[in-house]
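In the text below, chain A, chain B and the rest are named by the order of the sequence lines, each starting its count at 1. Note that these values count all heavy atoms, side chains included, but never hydrogens, waters or copies made by symmetry.
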There are 4 protein chains.
Amino acid sequence: MARPRSAAADRAILDATRSALVELGWSRLTMADVAARAGVAKTTLYRRWPGKSEMVVDAVAVLFDELELPDRGSLQADIEGVVLSFAALVSRPEAKTSLMAVVAESTHRPALRDRVRSAIVDRQKHLVLQGRARAQARGELPPDKGDAEHTRRTVDLIFDVVAGTVVHRCLVSDEPVDETWARTFALLLMGGLAAVSG
Amino acid sequence: MARPRSAAADRAILDATRSALVELGWSRLTMADVAARAGVAKTTLYRRWPGKSEMVVDAVAVLFDELELPDRGSLQADIEGVVLSFAALVSRPEAKTSLMAVVAESTHRPALRDRVRSAIVDRQKHLVLQGRARAQARGELPPDKGDAEHTRRTVDLIFDVVAGTVVHRCLVSDEPVDETWARTFALLLMGGLAAVSG
Amino acid sequence: MARPRSAAADRAILDATRSALVELGWSRLTMADVAARAGVAKTTLYRRWPGKSEMVVDAVAVLFDELELPDRGSLQADIEGVVLSFAALVSRPEAKTSLMAVVAESTHRPALRDRVRSAIVDRQKHLVLQGRARAQARGELPPDKGDAEHTRRTVDLIFDVVAGTVVHRCLVSDEPVDETWARTFALLLMGGLAAVSG
Amino acid sequence: MARPRSAAADRAILDATRSALVELGWSRLTMADVAARAGVAKTTLYRRWPGKSEMVVDAVAVLFDELELPDRGSLQADIEGVVLSFAALVSRPEAKTSLMAVVAESTHRPALRDRVRSAIVDRQKHLVLQGRARAQARGELPPDKGDAEHTRRTVDLIFDVVAGTVVHRCLVSDEPVDETWARTFALLLMGGLAAVSG
DNA sequence: GCCTAATCGAGACGGTACGTCGGGTCTTGCG
DNA sequence: CGCAAGACCCGACGTACCGTCTCGATTAGGC
């Protein structure tokens, strides 16, 4: 009715959140600090998000929009490519510090879990479907057998394996995800796919 | 020469920490509350651990000591077994609420990361080695080729895949790890192993 | 532009401080307790005062505003009156427990000393001037000789003698200040005044 | 029966207490710190004194042993002399920071009050009696009338006036006690004495 | 010249209060 | 009305001292 919310403010806040994440990390990131960086009052933050976690989810979510699955000619190459770019994403300081924290927080907050899922996790799942379809078109994988439930379960499994392994490698083992590792992991996954799809 | 630290206090504190984790979860767990439950002064906590994260790591770490790899007759069955028991462990409320939080925090604190690794992660790696040796004895896997570096890389990969996938399934996807899922995942892993070992 | 500090909070805090002083005394008075009594957060206390001492000074200072010098017809009677009411003030539990403590603390904190002086000590000095003027009007004391410096020194001396003696009697010697003692002390002071004014 | 307490420790502790008072002041003086300075365990302190206040009283008390009343030939001169030396004593940093603090603390601790009185206050009262006797011998004051009660009251009054005024001047007004001020104050006191003794 | 018991150093311990910090809400005027 | 500013309540933080308590290692006496 009266004054509309400033779209510029939204952008400024999310930018400020990301840069604060880079400089301070999740635990030392402060609502007051983000507000100050964005040249905005704390009230404005709380008018838009229920709290720190939700705001950070939205700030980090946009990073995942750049994930793509370019056609590299073979399933093995496609997997290697997505693993490398996913690992690069997860290793960025903004994401590194906040992803696990938000997931931890979401353990006992269903609303937050939903936001994480819709804003981050599900954004990646279509890549699995896309890669699968492409591999089927190439004849690298057998076509769907019409059992939708079985397909869903397999896709979820692949997703857990890829995302879980890469995140564990990056954040827990803290070892680099380079081409060599990606190739070996893709090889493993190819073998596994053959086993569960046969 | 002076008074030694009370071993009883250590035990009481770690017990209190676990029960507080179960009842309150990571974020509502308070140093003061743990101290009160343990019948101990807050100072005593800080004399032993630099902070909440380190204390919780030590409290949760002991849970992982009960992980075993009973011989179920085949590599496939062994994998299924360890996946199920590892998932059960990760799903326990003490672990569920704290593991991700601690890993998140460890992103910015090398000392904490080292503690997590030595107290939790590395403690489980011997299971991979044990399962591998057993499978080799059974003839399910080819014997070592004497390339220690290659072996280490493979073990690390297997570990990242198993731990990462199970954790992701339990804490991010929030789906149950039942026998069916374990069997499929083990199947996938068997195929993958064959691919990277051949 | 922003929200102004609550005047109600100020009043509530100082009231709470006085009642806590009466019930607990200086050393057992706690910032947290005062905050609770005032229905206010601890932060609000620290936003207004640097610490316990400063807050107590302000809380006790208002007690001294009620000191007056009613005209009793003669200098001797005026002195007796002010001595009695000053002693009564100093003996009140709020003042008794805190005055010395604050002065002790102010020994190595110039800012606190200034606050004590401006909030408590200097507020009473006008009583000496008033009594002196009245006595001069009555012809009991010779008129000013125009030497402002000499006058100031004399007033300060009288003040140190009256305040110091009464405080010492009440808080160190812990003997009652009754009419008999006040009469004798006033007599002494009259003789002294004659000696230094002659 | 067995080992006696170390006299060297006592001395070291009191010395350490005084030097800590000079450097840190009352409020920042710590039992642990005194123990460390004295090369002694905290236990040793508490074996000898009930607490910080009592220990400090004993440490400061010895300073008052050096107070004397040399015969300067006249009551006026004797008063000036004792005022100057008492003021010098009270202004020493060890005494300055601790005297008021201890008195404040003694407000609600009778045992401490007694210790202060016997260790510090009463040590000075004999000076009043001595000066009075000397003045009577010189004929400057009338001899005792045999009314012991009246004498006691007068001595107490003189004591409160002298001690109270000097302490107030030094610690509250924070003005120097020099020869000029001492002469004026002694003059006032002489006049007062004449008035109450007549 | 041993025995034995109190004393000593060191420092861990249970408490209590401190002063600070961050989260999230509420109030005030400006635009 | 939306907003920047910032006061407010709440609750946890990590620190500092207090005075007590265990330790094992000295020391004197008394025998």
With no hydrogens and no angle check, is any side-chain donor or acceptor of [X] less than 3.5 Å from a backbone partner on [Y]?
| X | Y | answer |
| --- | --- | --- |
| T17(D) | I13(D) | yes |
| K96(C) | V22(C) | no |
| S6(C) | A9(C) | yes |
| K52(B) | W26(B) | yes |

4.5 Å side-chain heavy-atom contact, L99(A) and V167(A): no
Any R37(C) side-chain heavy atom under 4.5 Å of E23(C) side chain: yes
Nearest to side-chain heavy atoms of T30(C), which nucleotide of dC18(E), dA4(F), dC10(F): dC18(E)
Touch class at under 4.0 angstrom, heavy-atom based, for G51(B) against every strand present: nothing
Sugar-phosphate only, base, or nothing, as touched by A32(B) at under 4.0 Å among non-hydrogen atoms: sugar-phosphate
Residues touching DNA chain F, which here means a heavy atom under 4.0 Å, drawn from residues 6-13 of chain B: none
Which whole-number value in Å describes the distance from [X] [atom1] to [N] [atom2]?
| X | N | atom1 | atom2 | result |
| --- | --- | --- | --- | --- |
| M31(A) | dC10(F) | CE | C1' | 17 Å |
| D33(D) | dG11(E) | CG | P | 15 Å |
| W26(D) | dC17(F) | CH2 | P | 14 Å |
| L45(A) | dG6(F) | CG | C1' | 15 Å |
| M55(A) | dG22(E) | CE | P | 14 Å |
| L24(C) | dT16(E) | CG | P | 14 Å |

Check whether any side-chain N or O of [X] sits under 4.0 Å from OP1 or OP2 of [N], and answer yes or no.
| X | N | answer |
| --- | --- | --- |
| R28(A) | dC13(F) | no |
| R48(B) | dC13(E) | yes |
| R47(D) | dC8(E) | yes |

Rounded distance [0.5 Å steps], NE2 in H108(B) versus OG in S27(A): 6.0 Å
Shortest non-hydrogen contact from V102(D) toward L112(D): O-CD2, 3.9 Å
Minimum heavy-atom distance between V62(D) and R18(D), given as atom pair plus value: CG2-NH1, 3.3 Å
5'-most by nearest nucleotide on DNA chain F - L29(B) or R5(C): R5(C)
Contact pattern, 5' to 3', of nucleotides 20-25 of chain F - B, S or - by protein heavy atom under 4.0 Å: BBBBS-
